[in-house]
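The structure under discussion appears below in the form of structure tokens.
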Amino acid sequence: MNNIDRQEPDYKPRMRLSLRWLLALSFGGLVAISVAAVLAISVMANFANTYSLLNERAISLINGMVRSIKVETDQAERVVSTFATEFSDGRFNVTDRDTISRQMTAFLRAVPVVEGILIFDGNGEGIGEIRAADGKITPAGTRFLGTKTFSQLQLHPGTALDSAFWGPPVSISGARYHNISQALVRDSKVEGHVVVLIDQASMNRIMADLGKQNDTTVFVLTSDNQVVGHSGRADLFRDRNTIPLNAFPDQVLHQLPNARVSDEFAAASSHEVKVFETGDGFGGYVFITRQLPGYADHPYTLGAYFSKTDIGSEIRRAMKSMLAGLAGLAAAVLAAILLGKRISRPMARIADTAGKFSAFKLHDIDVLPRSRITEIDEQAQALNRLSTAMIEFSRYVPHEIVSSLVRYGPEATRPVEREVTIMFTDIAGFTTISERMNASQTAELLNRHFARICEHVDATHGTVDKFMGDGLMAFWGAPLNDPDHVAHALAAARAIAASVIEENVTRRARDRKPLRLRIGIHTGKVVVGNIGGEERQNYTMVGDAVNVTQRLENMGKEMMRPQDDVIVLVSGAVVEQADSEAGFIPAGTRVLPGREKPVQVCLLKLDSEQQPNIVRFPGASSA
């Protein structure tokens, strides 16, 4: 290559600018354009989308209220379903008055929305417990168990065990009660019914809570315009069940029958939400309503209202924002030019640090220096604190999980088929243990028990899926692949057993009943990932392996000896993948309910003092 080839080009720029000035001028111009564009878009959006935002508010508000009511009523439905399931499993008979009474008392203490629980046999004879106005739980008298009350109830039809039945409201001694029932079925024969009562006070308590939570007035109407609930005037329902709408002391609510359908809320109407308005312009009120089917013979209407002046305030705020934005635009351009020269160097460092955050290279991040410019200094120190916090947080959350979420986003938790090991636990006879404790003591005992289990599950790379009363479900092998998921689950089971045994030493020393824990473990293929609706999802699993595990745990009822604190039943699939079969005791095979293929069952050996004997299931074959 000759010297000519290595000569620099003759071109020289007409004008040269330093990086600082170029950044200052560019930044100032971009700020001016950006602020003006954002201001224009913001003002236009505020004017054009005010009603769009109100549509979303209406849908979110009323649907949130519906969900809140359903959360309360679902608790009552679970009460009747629990009684029906336990009766079907043979845990009590309709003649076991003492057993039934104790369980009713426990549920009334734990579920505030339920005011009474009644059980009737096939002849209409009944037993029940009622919560009085002072909160005291007493046996139900003849006014709840008499033939007059029984004849009013429309009880659960058929023999299905999978759903509760809402009957029409009934009047008992002048008080209005909503009722939920379910048939007590055994061997495909209906032998009685369980009924849960929800009184008017509970309805208005729910209304008052919804009004406070949403900062609005909430009401419930019957199909013939009778008010049965109001967040602001619950006191009016102490001596009556319903009040005609035109006689109710709420002048705004009187406007509802004459309100017109709002043309601006078409989006809300498509979500089964009806919106009405009164007045013109920004005067008057907006009513948001939605039907509540299933709680009475005719659907209730749940509603809320707010003043239309709120809409006008949005428009006025937009005007003020526009004026303030124009004034700030000039100041922003000037400030951008003055500060642009000072921020080029530290901004480059901040950008580099942000890039390392996006790549999750936490240990490659250097500490950013302090700056005399407040904003730059605050950003630098915020990133320094964030770096420290993320490094500390990464010690508690597996790096692979966070890294996968950062790299793949929602795909990291997309439902997939995978082999996992599942565990179910349950405290035997927990009702007997909790019957002498109040709700707070019961919750404290369960929280302490679950905390120990969760600690051992986390220590073995497991995941707690859900809590179910006094039991829980956990699994190993997801969301990250774990080739040792069986060994980890067994290690967790042994650690949980040791923890329960250790706690029972203290409980016996204090003359308290010991906790007796049943554990079932099975391994198999399931679908695991985010499962649920658009608004709410849960990382969980579904599949036959889940049902097998739960039924293994239920088998512990037949095999647990009085002296056993813990019993762990595992399937043959677990034994096959375990490190050694020496840690198990064969217990035969069993055909599980709902399955044709028998399952081999073994007991997991615990310490020497807790070794279970070989127990044969009734009708089980040799392993």
Ring centroid separation for Phe467 and His449, is it under 6.0 angstrom? no

Are [X] and [Y] side-chain neighbours, meaning at least one heavy-atom pair lies under 4.5 Å?
X: Phe584; Y: Leu604; result: yes
X: Thr425; Y: Glu553; result: no
X: Leu184; Y: Val194; result: yes
X: Leu118; Y: Leu197; result: yes
X: Met468; Y: Lys466; result: yes
X: Pro598; Y: Arg590; result: no
X: Val505; Y: Arg510; result: no
X: His522; Y: Phe424; result: no

Is Asp470 paired with Arg518 through a side-chain N to carboxylate O contact shorter than 4.0 Å?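 The answer is no: the pair does not qualify as a salt bridge.
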
Under 4.0 Å between a side-chain nitrogen and a carboxylate oxygen: does that hold for Lys212 and Asp209? no

For Phe475, which residues count as a ring pair (Phe, Tyr, Trp, His ring centres under 6.0 Å) partner, sequence neighbours excluded?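 For Phe475 there are no ring pair (Phe, Tyr, Trp, His ring centres under 6.0 Å) partners, ignoring immediate neighbours.
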
Whether [X] side chain and [Y] backbone form a donor-acceptor pair below 3.5 Å:
X: Ser181; Y: Leu155; answer: no
X: Asn438; Y: Ser440; answer: yes
X: Asn214; Y: Gly211; answer: no
X: Thr73; Y: Lys70; answer: yes
X: Thr105; Y: Ser101; answer: yes
X: Asn447; Y: Ala443; answer: yes
X: Arg516; Y: Ala428; answer: no

Rounded to the nearest 0.5 Å, what's the gap from [atom1] on [X] to [atom2] on [Y]? Could you check?
X: Leu552; Y: Asn547; atom1: CG; atom2: CG; answer: 11.0 Å
X: Asn93; Y: Ile100; atom1: CG; atom2: CD1; answer: 8.0 Å
X: Arg507; Y: Ile433; atom1: CZ; atom2: CD1; answer: 6.0 Å
X: Glu115; Y: Ile172; atom1: CD; atom2: CD1; answer: 12.0 Å
X: Arg67; Y: Ile69; atom1: CZ; atom2: CD1; answer: 11.5 Å

Walk me through it: do Glu419 and Thr523 pass the test side-chain hydrogen bond (donor to acceptor under 3.5 Å, both in side chains)? CA-CA 7 Å; Glu419 183 176 78; Thr523 188; 4.6 Å; no

Residue pairs passing the ring pair (Phe, Tyr, Trp, His ring centres under 6.0 Å) test where at least one lies in residues 555-579, sequence neighbours excluded: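 Of all non-adjacent pairs touching residues 555-579, none passes ring pair (Phe, Tyr, Trp, His ring centres under 6.0 Å).
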
For atom [atom1] of [X], decide whether the heavy atoms of other residues, nucleotides or ligands shown that lie under 6.0 angstrom number more than 12.
X: Gln381; atom1: CD; answer: yes
X: Asp511; atom1: CG; answer: no
X: Arg512; atom1: CZ; answer: no

State which residue, out of Asp426, Ile496, Ile453, fulfils the side-chain contact (heavy atoms from CB on, under 4.5 Å) condition with Ile519.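 Of the listed residues Asp426, Ile496, Ile453, the side-chain contact (heavy atoms from CB on, under 4.5 Å) partner of Ile519 is Ile496.
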
Taking Val80 as the fixed residue, which of Val114, Ile119, Val196 is the one that meets the side-chain contact (heavy atoms from CB on, under 4.5 Å) rule?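 Looking at Val114, Ile119, Val196, the match for Val80 under the side-chain contact (heavy atoms from CB on, under 4.5 Å) is Val196.
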
Please report the closest heavy-atom contact between Gly556 and Leu569, naming both atoms and the distance.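 Smallest interatomic distance, heavy atoms only, reads N-CD1, 3.5 Å.
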
Just by distance, no angles: are the side chains of Trp476 and Thr460 close enough, under 3.5 Å, to form a donor-acceptor pair? yes

Using the ring of each side chain (for Trp, its six-membered ring), is Phe83 parallel, tilted or perpendicular to Phe107, with breaks at 30° and 60°?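 Tilted, since the angle between the ring planes falls between 30° and 60°.
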
Give me the one residue out of Arg418, His488, His461 that meets side-chain hydrogen bond (donor to acceptor under 3.5 Å, both in side chains) with Asp482. His488

